[in-house]
*Asks:* 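I'd like to ask some things about the structure below.
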Amino acid sequence: MPRYNPSEIEPRWQAYWDKHATFRTPDQAGEKKRYILDMFPYPSGDGLHVGHPEGYTATDIVARFSRARGETVLHPMGFDAFGLPAEEHAIKTGEHPRIQTQRNIDNFTRQLKMLGFSYDWDRMVSTTDEDYFRWTQWIFLVLYDTWFDADAQKGRPIADLPVPAEVEAQGAEAVGKYQDQHRLAYQDDALVNWCPALGTVLANEEVQDGKSERGGHPVKRIPLRQWMLRITSYAERLLDGLDDVDWPIGIKKLQRDWIGRSTGAEVDFYVGDEEAYGAWAESRRTSGFCAEPDASVLRVYTTRPDTLFGATYMVVSPEHEMLDELTTEVQGEAVRSYCEKASFKSDRERTDGDRVKTGVFTGSYATNPINGEKVPIWVADYVLAGYGTGAIMAVPAHDERDFEFAKQFDLKVVPVVDPPQDHPERAAIMAGDVCFVAQGNAINSGDFDGQKTNDVKAAVTAMLNREGLAAEAVNYKLRDWLFSRQRFWGEPFPILHEVDREGNLTGVKRAVPESQLPVRLPELEDFKPHGRPEPPLAKADDEWLYVTLDGKRYRRETNTMPQWAGSCWYYLRYIDPKNDQAMIDPALEKVWMPVDLYVGGAEHAVLHLLYSRFWHKVLYDRGHISCPEPFGKLVNQGMILGEVEFSGYVDEDGIAVSSHEVKRNAEGERVRANGDVVSSVTLTEEQVEKKGEGFVLKDNPAIRIDSRAFKMSKSRGNVVNPDEVVREYGADSLRLYEMFMGPLEATKPWAMTGVGGVRNFLDRVWRMIVDPKADELVVSDAIGDQPCDADQKRMLHATIKKVTEDTESLSFNTAIARMMEFTNFFTRAKSRPKEAMQQFLILLNPYAPHLAEELWQILGGEESIAKQAWPAWEAEALVESSIEVPVQVNGKVKAKIRVAPDVSKDDLHKAALSDAKVQALLEGKTVVKEIVVPGRLVNLVVK
RNA sequence: GGGGCUGUGGCGGAACUGGCAGACGCGCUGGAUUUAGGAUCCAGUUCCUUCGGGAGUGCAGGUUCAAUUCCUGUCAGCCCCA
């Protein structure tokens, strides 16, 4: 009996597509192009996860659908293959990361092909290929060669940077230094996670709670010379660009919040000699606010200049460059040991709201510019060096963290904002016992008393600006991008550092000439850490490490780029993947960019999407590409969770505990109200039943049970393996199931029985066309050349319409539901017109391409169904001879009447009133109001 | 603590712009067929019901002829950030 057998059909058609290059991107772009892109995966050793095919199936459906509609489609795939796991593997085993990476890529490729995705495999790229990272390095050099012209809001060649005359006068070296300070790629000291015990620098992911993930050794934050990318200068452009793209509003908001634009003021607090204050203030009055603060002041950034009268102390971050000068001899020891301790904390630990605030008095005082009062300067780690100026004016009355700190160290709290009259805690706030962060009217603020917060902000800033003590300022939470990593398995920087005869760095840098790219990774004996706080590439032999160019000797940069680098621009390379003359042919770039549909997980909502937009804008400014934003439409697929689990709890004696009694304690353990620890047990569906809102134990309905789906994870053991699903049900079933589970964007739990459900559907499709009873593979005798009757025609065309519209709007689940209805309808029919079957198969093809190809061929189709044009629906075919319209009385459906679909309002009204059931209900009542919506309903309001 | 998302049958979900709540699938119940079934086909499946009806989209209100949909409040879960 010829049954639907995906394990035979699927590999055969995959081989066919490969052999005939069915999905090769056309050389000539047609009338309409469509660039459909997946976020490329990191090829992990675990292989594909069922989360991957969700987005990939969605884009594959759109790609196949678009091709059928005559569009020219670019649909590529590649691998983001640099990264930590391969390097860790190399350290452990000595195997070169390249080997493991290749193995993983091969496995991923096999799995992706097994699922029948219509990628143009000729365009596959891996970020680790030398032909690829050559151009990653080239783009880095573009960044290195660019400065940001703030007036024009545009990146320009460094050669165009206006150099001040006094710098020019100091000669070429000074000019070079000046340029280096303005490049988009620059070097600066930044904190890295140095683990002395492991003898290596760790990535943030490798540090947990201040300890190394491996071994649990202490990790210290030490400054190291790092490459930074000046993404902050593009902050405004990155914000503006969001208005022009079709992205989920949630993602746009995340990006805006990440950029974190705020407006406020920079204010200078005098820290110099007390007796000279008058003279200093006078000089400021004439000179005005200066761009760079000098040593006589501590500059702060604040979003609340209106609270300046309440600034009762100041805080500098432990890394603040003026800290040494500010620290008095008496306080020296305390400050130094405090900073040492702070260096072991992560930013997160430092700013965590739950932690007790720590800090040390520096011994110095500053002068509050608004009222001339002396305020103490403290050092505390809740102030970060990277935000604002790395120093704050503390207003404990109106800032939560300042308030906590002030209470901790018994500092003065002066309320300067009067809350609204009806505020429940007004008295306590005015007494300085409670912090108030919202707006109100100024008090204790001299001439500003009584004015509203916003007015005071502007007035204070303006007044201090006249005095030369403050200026309006815009600040961003976004920080420059720390772009170097102390890793082996990444792109080497194409930068050379000049060394003198003694082998010391002169501080002069130069780019590796373009003709010498790529800078390859050196061959190392092994990948073990060398025990110094510098990158592993420093282990390379001199042949790699030292270069002579134009008679000068250079040492190569030994940092490598972060994993983001390769993923920042891969969408460009797919357009012209084999070009060895340029990153991309500008003509091809114009044809294909921007990406029309970009699908991937929400975990990349901020970083990847922000970084690639930044690079894109730089390349755009420098004239290498033609569109200002890379990704026109973005869709985030939801997460697929494991199967729903029922979990109950038992105490130490194994007695069941109801889930509503169970809470988590501070250590994260599950405990009952009396503090006893309970353990959780997984229950089967048979052991529980629904009761009220939740589930209870069947044997004891007083015991409530938790029912929930969890994130798939190895440790939980609920990971679904796509290989197994394909073996058991076939690739088409896996594809179809993932699309049928629910809306693409939603988080949804896996259910293996659901895969069986869609497999049943595909079996039914098979039997709709192939005779299941015959011994040979023959077409069902219900199929013939007869035309559709009216009902069949309506079903066919309604299905074409629904599937077309739903596929366009990415509502795949409802498109599939409609195809199921079609199949149910026609499997029941004794007569199945061949043409209807063929049109249906074209609709099914993007969703279940292997089965569609097979049945297409069985029905006598000549070439691949992928070459068939998408059917159009006929509006006339959809018209029904009569429709059913509900008649409501007081908003409740009481009767249904059959009328012509195009019935007029009057006729519908008449028909409703003449219905016997309606008449009976209206008996003895008065109709107060009548609503008649033609084709929809009739509602009669009666008394 | 802040922000976002989501609450609809036993389960996943559907419902266009406010217009018949529960499409489609799973599961379950009954029947047919079969040596057999994790196959197929048919019928049923929100709950309550005195079989007339009544209630129902987390909960409480509001707007409306009409609310899953709009508004206010509230609760719960999940995700992200701190």
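These numbers come from a predicted model, not from an experiment.
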*Asks:* Measure from the side chain of Asn939(A), starting at C-beta and using heavy atoms only, and say which of C41(B), C24(B), G19(B) lies closest.
*Replies:*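 Within the option list, the nearest is G19(B).
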*Asks:* Quick one: which of G25(B), A15(B), C20(B) gets closest to the side chain of Glu884(A)?
*Replies:*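 Nearest to the side-chain atoms of Glu884(A), counting from C-beta on, is C20(B).
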*Asks:* Do Arg818(A) and Glu805(A) sit within salt-bridge range, that is, some charged N less than 4.0 Å from a carboxylate O?
*Replies:*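 No, no charged N to carboxylate O under 4.0 Å.
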*Asks:* With respect to the side chain of Asn813(A), which nucleotide from G4(B), G13(B), G19(B) is positioned closest?
*Replies:*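 Selected nucleotide: G13(B).
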*Asks:* Could you tell me the separation between the OH atom of Tyr4(A) and the P atom of G38(B), rounded to a whole number of Å?
*Replies:*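 Going from Tyr4(A) (OH) to G38(B) (P), I get 22 Å.
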*Asks:* Closest approach to the side chain of Arg708(A), judged atom by atom: which nucleotide of C24(B), C65(B), C78(B) is it?
*Replies:*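 Output: C78(B).
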*Asks:* Would the distance check show the side chain of Glu54(A) and the main-chain N or O of Glu738(A) forming a donor-acceptor pair, the cut-off being under 3.5 Å?
*Replies:*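 Not a single qualifying donor-acceptor pair exists.
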*Asks:* Choose from C20(B), C80(B), G13(B) the nucleotide whose nearest atom is closest to any side-chain atom of Lys896(A).
*Replies:*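 Side chain of Lys896(A) sits closest to C20(B).
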*Asks:* According to the Watson-Crick and G-U wobble definitions, with both distances under 3.5 Å, which nucleotide is paired to G1(B)?
*Replies:*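 C81(B) - that is the nucleotide pairing with G1(B), both distances being under 3.5 Å.
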*Asks:* Within 45 degrees of the axis of the six-membered ring of Trp247(A) and under 6.0 Å from its centre: does Arg613(A) put its NZ or CZ there?
*Replies:*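 Yes, Arg613(A) and Trp247(A) form such a contact.
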*Asks:* The side chain of Glu728(A) is closest to which nucleotide in this list: G38(B), A55(B), G12(B)?
*Replies:*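 Nearest nucleotide to the side chain: G38(B).
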*Asks:* Which atom pair, heavy atoms only, marks the closest approach of Cys435(A) to His398(A)?
*Replies:*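 Cys435(A) and His398(A) have their closest heavy atoms at SG-C, 3.9 Å.
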*Asks:* Does G2(B) have OP1 or OP2 under 4.0 Å away from a side-chain N or O of Arg401(A)?
*Replies:*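 It does not, given that no N or O in the side chain of Arg401(A) lies less than 4.0 Å from OP1 or OP2 of G2(B).
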*Asks:* Test for a donor-acceptor pair under 3.5 Å between the base of C41(B) and the side chain of Arg828(A), counting only N and O atoms.
*Replies:*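 Checked by distance alone, the answer is no.
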*Asks:* On the six-membered ring of Tyr729(A), is Arg759(A) placed so that its NZ or CZ lies under 6.0 angstrom from the centre and within 45° of the ring axis?
*Replies:*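 That pair does not qualify as a cation-pi contact.
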*Asks:* Between Asp806(A) (side chain only) and Phe812(A) (backbone N and O only), is there a donor and an acceptor less than 3.5 Å apart?
*Replies:*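 No, because the side chain of Asp806(A) does not come within donor-acceptor range (under 3.5 Å) of the backbone of Phe812(A).
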*Asks:* Quick one: which of A15(B), C80(B), C20(B) gets closest to the side chain of Thr814(A)?
*Replies:*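 Out of A15(B), C80(B), C20(B), the nucleotide with an atom closest to Thr814(A)'s side chain is A15(B).
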*Asks:* Between C20(B), A55(B), C80(B), which nucleotide gets closest to the side-chain atoms of Leu254(A)?
*Replies:*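 Nearest nucleotide to the side chain: C80(B).
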*Asks:* Starting at atom CE of Met819(A), determine the distance to atom P of C24(B), rounded to an integer number of angstrom.
*Replies:*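 My rounded result for the distance is 15 Å.
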*Asks:* CE of Met752(A) versus P of G27(B): gap in Å, rounded?
*Replies:*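 Taking atom P of G27(B) as the reference, CE of Met752(A) is at 14 Å.
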*Asks:* Between C16(B) and A76(B), how far apart are the C1' atoms? Round to whole Å, please.
*Replies:*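 The answer is 30 Å between these two C1' atoms.
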*Asks:* For Trp258(A) and G4(B), give me the distance from atom CH2 to atom P, rounded to whole Å.
*Replies:*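 Taking atom P of G4(B) as the reference, CH2 of Trp258(A) is at 18 Å.
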*Asks:* C1' atom, U57(B) versus A23(B): distance in rounded Å?
*Replies:*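 Pairwise C1' distance, U57(B) against A23(B), rounds to 15 Å.
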*Asks:* Main chain of Phe826(A), side chain of Arg832(A): is a donor-acceptor contact present, judged purely on distance under 3.5 Å?
*Replies:*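 The answer is yes, because a donor-acceptor pair under 3.5 Å joins these two groups.
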*Asks:* Specify the separation, in whole Å, of atom CE of Met639(A) and atom P of C80(B).
*Replies:*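 About 7 Å, once rounded to whole Å.
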*Asks:* Give one of base, sugar-phosphate or nothing for Arg764(A), where a contact means two heavy atoms less than 4.0 Å apart.
*Replies:*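 Sugar-phosphate only.
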*Asks:* Over how many whole Å does the gap from Asp771(A) atom CG to U40(B) atom P extend?
*Replies:*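 From Asp771(A) CG to U40(B) P: 16 Å.
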*Asks:* If you look at every strand shown and take non-hydrogen atoms under 4.0 Å, does Asp257(A) touch a base, only sugar-phosphate, or nothing?
*Replies:*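 Here Asp257(A) touches no strand at all.
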*Asks:* Distance check needed: G10(B) P versus Phe646(A) CZ, whole Å only.
*Replies:*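 Between P of G10(B) and CZ of Phe646(A): 12 Å.
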*Asks:* Kindly point out which of C16(B), C26(B), C24(B) is positioned nearest to the side chain of Glu821(A)?
*Replies:*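 The answer is C24(B).
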*Asks:* Heavy atoms from C-beta onward define the side chain here; which of G19(B), G13(B), U40(B) lies closest to that of Arg767(A)?
*Replies:*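 Comparing G19(B), G13(B), U40(B) against the side chain of Arg767(A), the answer is U40(B).
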*Asks:* In this structure, how many angstroms lie between the C1' atom of C26(B) and the CH2 atom of Trp750(A), rounded?
*Replies:*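 Rounding to the nearest Å, CH2 of Trp750(A) and C1' of C26(B) are 14 Å apart.
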*Asks:* Taking only N and O in the side chain of Asn760(A), is any of them less than 4.0 Å away from OP1 or OP2 of A39(B)?
*Replies:*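 No, Asn760(A) has no side-chain N/O under 4.0 Å of OP1/OP2 on A39(B).
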*Asks:* Which base, if any, makes a Watson-Crick or G-U wobble pair with G30(B), both distances under 3.5 Å?
*Replies:*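 WC or wobble partner is C42(B).
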*Asks:* Please classify the glycosidic conformation of G52(B) as syn (within 90° of 0) or anti (everything else).
*Replies:*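 G52(B): syn glycosidic orientation.
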*Asks:* Reckon Gln888(A) touches a base, only the sugar-phosphate, or nothing at all at heavy-atom distances under 4.0 Å?
*Replies:*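 Contact class for Gln888(A): base.
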*Asks:* Using atom C1' of each nucleotide, how far apart are U8(B) and U68(B) to the nearest Å?
*Replies:*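 The same atom, C1', in both gives a distance of 7 Å.
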